[in-house]
Colleague: 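Have a look at the structure that comes next, please.
Chain A is the first sequence line, chain B the second, and so forth, proteins listed ahead of strands; every chain is numbered from 1. Keep in mind it's a predicted model, so treat the numbers as computed, not measured.
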Amino acid sequence: MKSHKQNQEMLIEQNLVENYNRYYRLAYHYVKNESDAMDIVQEAAYKAILKSDTLKNPEYIGTWICRIVMNEAYNLLRKNQKEQNRSETDKAEASCEDHYEDLDLQQAMQKLREEEQTIIYLRYYEDRQLDEIAEIMQVNLSTIKSRLYRAMHKLKIALAE
Amino acid sequence: MREKQIGLSEEQLEQKLKKNREAFMETKIPEEGLQRMKDAIARAKKEKRYKMRRLYRKMGLTGMAASLVLLFLIPNCSRTFAQILIELPVVGRLFEVITVRDYQFDDGHSEANVKIPKVSNGNQDDSVDSEKNAVAHINKSVEEYTDQILERFHENQKILQDQGHQSLDISYEILTNTKNWFTLALTVTEVQGSGYEYRQYYHIDKSTGEIATLKDLFQTDCNYLQILSDYIREEMEQYNKNNPDGDVFWIGETEFTTGFMGIKEEQNFYFNADGALVIVFDEYEVAPGYMGMPEFIIPDELIKEIRAF
């Protein structure tokens with residue numbers, strides 16, 4: 001009884017609800033604070049539903065949403081960066097709230113380029129396959145491979161110091 | 001290809017990353033996050049539906065009217081409601097409608113744009129009592145109805161304060177105002193994340209001076225409900241069949257909802273500019289919200305034997 005478009009919208013909604021934790025963590029990984037991470041996922045979900053008709057292949061719902069979450073995270077980071085430039089003082093407290101993570105590794109990660117950080121995250125924190133990562137980041141597999149290699153290389157050196 | 005070892009080994013780094021992942025997975029996830037996302041989803045869904053309707057309206061159409069007008073051009077028959085309602089020279093007085101309350105409100109979060117109409121039959125001495133009553137009755141129902149909506153708006157406003165948005169729009173339109181007939185339509189659009197639109201029609205048959213409902217258009221003891229329902233059901237089926245995206249109209253009991261079960265005695269209707277009878281359904285009554293308020297134009301051929309006039 002449902003049309004194709006309605007059905008697709010329903011699938012997207014389902015995916016969002018079922019994978020909330022995953023998307024929240026992804027957002028949190030970028031912004032490192034609860035309230036921004038919640039905002040990102042909320043905004044991403046809103047856009048995903050609003051634009052549900054533009055998803056071409058329902059098989060890629062997961063990677064498609066992941067990409068939207070990442071874009072929202074980038075947007076927020078850029079916005080925050082602009083504001084931080086204006087008020088340097090807030091910087092220190094904004095960067096880390098609670099953390100059980102290895103600080104050295106975290107710092108080394110933050111020195112990587114954005115797309116390198118993302119690849120490491122998707123590969124090692126979300127356990128994604130390289131072809132999935134390529135689909136999420138919309139670049140070809142060999143580019144992903146070489147970026148991952150480069151990112152790992154940078155981390156090895158940074159952590160040895 | 002082996003390279004000279006600089007920095008950590010692959011295994012050491014992967015170990016570190018794995019450990020970090022475990023720590024990261026401990027990140028606690030705020031409980032309200034999921035609910036906030038669900039709210040955002042609901043907002044998007046309703047906004048999408050609202051936009052769709054706005055688009056129809058921009059095109060000068062309300063929901064279904066778009067395609068249906070083209071599908072069911074009325075044959076040029078001998079006697080129609082049109083002749084009775086429209087073509088008679090207007091010799092009598094027309095009702096007047098004035099805006100009694102033009103209410104604008106905007107606090108940055110709640111926005112209202114309300115125009116409340118009041119009907120007047122010109123206070124002519126020769127007007128029959130029943131007509132005065134009918135006019136008074138309509139004015140009273142309009143007032144009660146809009147008061148109720150405004151009250152809800154202000155309750156919401158207090159709750160929303162600096163979070164969320166709502167808007168309310170009430171407008172009216174005189175659809176028919178001839179010697180014989182008067183129809184006022186009151187349209188309410190409430191947007192609160194989602195948009196809901198509903199319309200109320202008020203009719204006065206000036207030849208009797210009475211408030212008119214659907215049954216007054218037809219001869220007593222005729223099966224007009226059956227005839228109209230059968231026709232509309234067929235049109236819905238036809239539309240569903242021709243629609244590449246699958247079924248749009250809900251007919252009978254469906255998997256998700258109770259759809260069209262036949263028209264009701266109090267079904268909304270009006271006469272369009274051609275004098276044809278138009279049957280109107282509420283939003284979500286027989287189709288998903290993005291269809292707006294579906295309308296069906298009834299060909300006069302179908303009902304000319306059973307019309308009351």
Colleague: At what distance, to the nearest 0.5 angstrom, does CG of Leu105(A) lie from CG of Leu13(B)?
Modeller: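 Here the interatomic distance stands at 7.0 Å.
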
Colleague: Side chain to side chain contact (heavy atoms under 4.5 Å, CB included), that's the test. Do His29(A) and Thr27(B) meet it? Break it down for me.
Modeller: CA-CA 10 Å; His29(A) 169 74; Thr27(B) 309; over 6 Å; no

Colleague: So, using side chain to side chain contact (heavy atoms under 4.5 Å, CB included) as the criterion, who are the partners of Gln129(A) when residues are at least two apart?
Modeller: Asp131(A), Glu132(A)

Colleague: Pick one of side chain, backbone, both or neither for Tyr121(A), based on which atoms fall under 4.5 Å of a heavy atom in chain B.
Modeller: side chain

Colleague: Test Glu13(A) against Lys38(B) for salt bridge (charged side-chain N to carboxylate O under 4.0 Å, His left out), laying out the working first.
Modeller: CA-CA 9 Å; Glu13(A) 179 172 359; Lys38(B) 284 181 180 168; over 6 Å; no

Colleague: Do Arg21(B) and Asp127(A) come within less than 4.5 Å of each other through their side chains, counting heavy atoms only?
Modeller: yes

Colleague: Roughly how far, to the nearest 0.5 Å, is the OG atom of Ser35(A) from the CZ atom of Arg36(B)?
Modeller: 7.0 Å

Colleague: Do other residues, nucleotides or ligands put more than 12 heavy atoms under 6.0 Å from the CD atom of Glu31(B)?
Modeller: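 Result for CD/Glu31(B): open.
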
Colleague: Quick check for you: to the nearest 0.5 Å, what is the distance between Asn20(B) atom CG and Ile120(A) atom CD1?
Modeller: 11.0 Å

Colleague: Mark yes when over 12 heavy atoms from residues, nucleotides or ligands other than Tyr60(A) sit less than 6.0 Å from its OH; otherwise mark no.
Modeller: no

Colleague: Please give me the minimum heavy-atom distance between Leu50(A) and Ala44(B), naming the atom from each residue.
Modeller: CD1-O, 3.5 Å

Colleague: Taking atom CD of Glu151(B) as the centre, report whether more than 12 heavy atoms of other residues, nucleotides or ligands fall under 6.0 Å from it.
Modeller: no

Colleague: Taking side chain as everything from C-beta outward and backbone as N, CA, C, O, which of these in Tyr24(A) sits under 4.5 Å from a heavy atom of chain B? Side chain, backbone, both or neither.
Modeller: side chain

Colleague: Measuring from Asn21(A):CG to Leu34(B):CG, what's the distance to the nearest 0.5 Å?
Modeller: 8.0 Å

Colleague: Can you say whether Lys16(B) sits under 4.5 Å from chain A via the side chain, the backbone, both, or neither, judging by heavy atoms?
Modeller: both

Colleague: Please list all pairs passing the salt bridge (charged side-chain N to carboxylate O under 4.0 Å, His left out) test where one or both residues lie in residues 22-31 of chain A, with sequence neighbours left out.
Modeller: Arg22(A)-Glu126(A)

Colleague: Taking the side chain as every heavy atom from C-beta outward, state whether Arg43(B) and Gln42(A) have any pair of such atoms under 4.5 Å apart.
Modeller: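 They are in side-chain contact.
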
Colleague: With a 4.5 angstrom heavy-atom cut-off, could you sort out which part of Leu17(B) is near chain A: side chain, backbone, both or neither?
Modeller: both

Colleague: Do Tyr125(A) and Met25(B) have side-chain heavy atoms sitting under 4.5 Å apart?
Modeller: no

Colleague: Is the shortest heavy-atom distance from the side chain of Met37(B) to the side chain of Met38(A) under 4.5 Å?
Modeller: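 No, their side chains stay 4.5 Å or more apart.
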
Colleague: Side-chain contact, heavy-atom cut-off 4.5 Å: Lys18(B) with Tyr124(A)?
Modeller: no

Colleague: How long is the gap from CD1 on Ile12(A) to NZ on Lys45(B), to the nearest 0.5 Å?
Modeller: 11.0 Å

Colleague: Decide yes or no for Leu159(A) and Gln12(B): does some side-chain heavy atom of the first lie under 4.5 Å from some side-chain heavy atom of the second?
Modeller: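 No, their side chains stay 4.5 Å or more apart.
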
